[in-house]
Asker: 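Structure in structure tokens, see below.
Since the structure is predicted, the reported quantities are computational estimates derived from the model, not experimental observations.
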Amino acid sequence: MTQRVKTGISGLDKLLGGGFPQNKSILLTGTPGTGKTIFSLEYIYQGAKQFGEKGLFISFEEDKKSLMAQAKMFGWDFEELEKEGLVEFINIPVKEVRESTAFEIIEHVRKKGIKRLVVDSLSAMAINVPAKDITAIDHLFIKRFIYNFITDLKDLPATALLISQTEEGKLSRDGVAEFVSDGIILINYESLGGQFSRHLTIRKMREADNDEDMHPMEI
């Protein structure tokens, strides 16, 4: 029987049949402004606060100060958890992304005994991997880079939440993450009846009997 990792996010664990399948990689995707970063912050926070699980938040776009400020708006105080060694934030400026970055993240997760990992985002990570020219060959390199990164994560004792952005006809900017990830959570932000609202759909979740309907989501 597959072990479950409770997200601690209200209402989500029930939809997932108890939580994320343990040690799997979940793609969290949607358009900008749908709440993906807040969703991921709560996943890390609840893991540390409720279950004592070490969490690591890797960001290529926002620094720790900004992320902590966002979290405090929801009453999530990461400072104490950080002092206790339960939470770590690492900001990697996009100009410092290298082909070796994926390996360095994986090694850090392994050495620190991380149980919950967030990568924000695959989109920023992929488009900033150095390439000589923007050619078809370079696009294949980026796809291979993301494919190998997600595949290597599966060898770790960590349950990962990987953020990406949807593009027309694709669930991720790189176009490969949705196929190699063990699960996909899609968040939509659209107008219904003249009002904007968010909806969450679990598009895929291996080793789980999940609810595939569209569900309203509040932040």
Asker: Report the residues that fulfil side chain to side chain donor-acceptor pair (under 3.5 Å) with Lys14, sequence neighbours left out, ordered by chain and then residue number.
Answerer: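 Not a single residue meets the side chain to side chain donor-acceptor pair (under 3.5 Å) criterion with Lys14.
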Asker: Side-chain polar contacts of residues 148-157 - donor-acceptor pairs under 3.5 angstrom, sequence neighbours left out - could you list them?
Answerer:
| residue | atom | partner | partner atom | Å |
| --- | --- | --- | --- | --- |
| Asn148 | ND2 | Arg144 | O | 3.3 |
| Thr151 | OG1 | Tyr147 | O | 2.8 |
| Lys154 | NZ | Val180 | O | 2.7 |

Asker: Do Lys36 side-chain atoms and Thr31 backbone N/O form a donor-acceptor pair below 3.5 Å?
Answerer: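 Yes: the side chain of Lys36 pairs with the backbone of Thr31.
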Asker: Just jot down the salt bridge (charged side-chain N to carboxylate O under 4.0 Å, His left out) partners of Glu167, sequence neighbours excluded, or say none.
Answerer: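 Expected list: Lys170, Arg173.
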Asker: Going by side chain to side chain donor-acceptor pair (under 3.5 Å), name the residues that satisfy it together with Thr159, two or more places apart in sequence or in a different chain.
Answerer: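 Scan of Thr159 (side chain to side chain donor-acceptor pair (under 3.5 Å), adjacent residues dropped) gives none.
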Asker: Under the ring pair (Phe, Tyr, Trp, His ring centres under 6.0 Å) test, which residues partner Phe51, sequence neighbours left out?
Answerer: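 Here no residue qualifies.
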Asker: Sequence neighbours excluded, which residues qualify as salt bridge (charged side-chain N to carboxylate O under 4.0 Å, His left out) partners of Arg203?
Answerer: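 Here no residue qualifies.
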Asker: Taking side chain to side chain donor-acceptor pair (under 3.5 Å) as the definition, give me every residue that meets it alongside Arg4, ordered by chain and number, with sequence neighbours left out.
Answerer: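 Not a single residue meets the side chain to side chain donor-acceptor pair (under 3.5 Å) criterion with Arg4.
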Asker: Which pairs with one or both residues in residues 153-177 pass ring-ring contact (aromatic ring centres under 6.0 Å, His included), sequence neighbours excluded?
Answerer: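 Checked against ring-ring contact (aromatic ring centres under 6.0 Å, His included) - neighbours excluded - no pair reaches residues 153-177.
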Asker: Could I get the full list of ring pair (Phe, Tyr, Trp, His ring centres under 6.0 Å) partners for Phe57, not counting sequence neighbours?
Answerer: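 Phe89.
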Asker: Sort and list the pairs that fulfil ring-ring contact (aromatic ring centres under 6.0 Å, His included) and have at least one residue in residues 90-116, not counting sequence neighbours.
Answerer: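 Not a single pair qualifies under ring-ring contact (aromatic ring centres under 6.0 Å, His included).
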Asker: Strictly by ring-ring contact (aromatic ring centres under 6.0 Å, His included), give each pair with a member in residues 151-186 just once, sequence neighbours left out.
Answerer: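 Output for this query is empty, none listed.
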Asker: Please list, chain by chain and in numerical order, all residues satisfying side chain to side chain donor-acceptor pair (under 3.5 Å) with Lys49, sequence neighbours excluded.
Answerer: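 Applying side chain to side chain donor-acceptor pair (under 3.5 Å) to Lys49 gives none.
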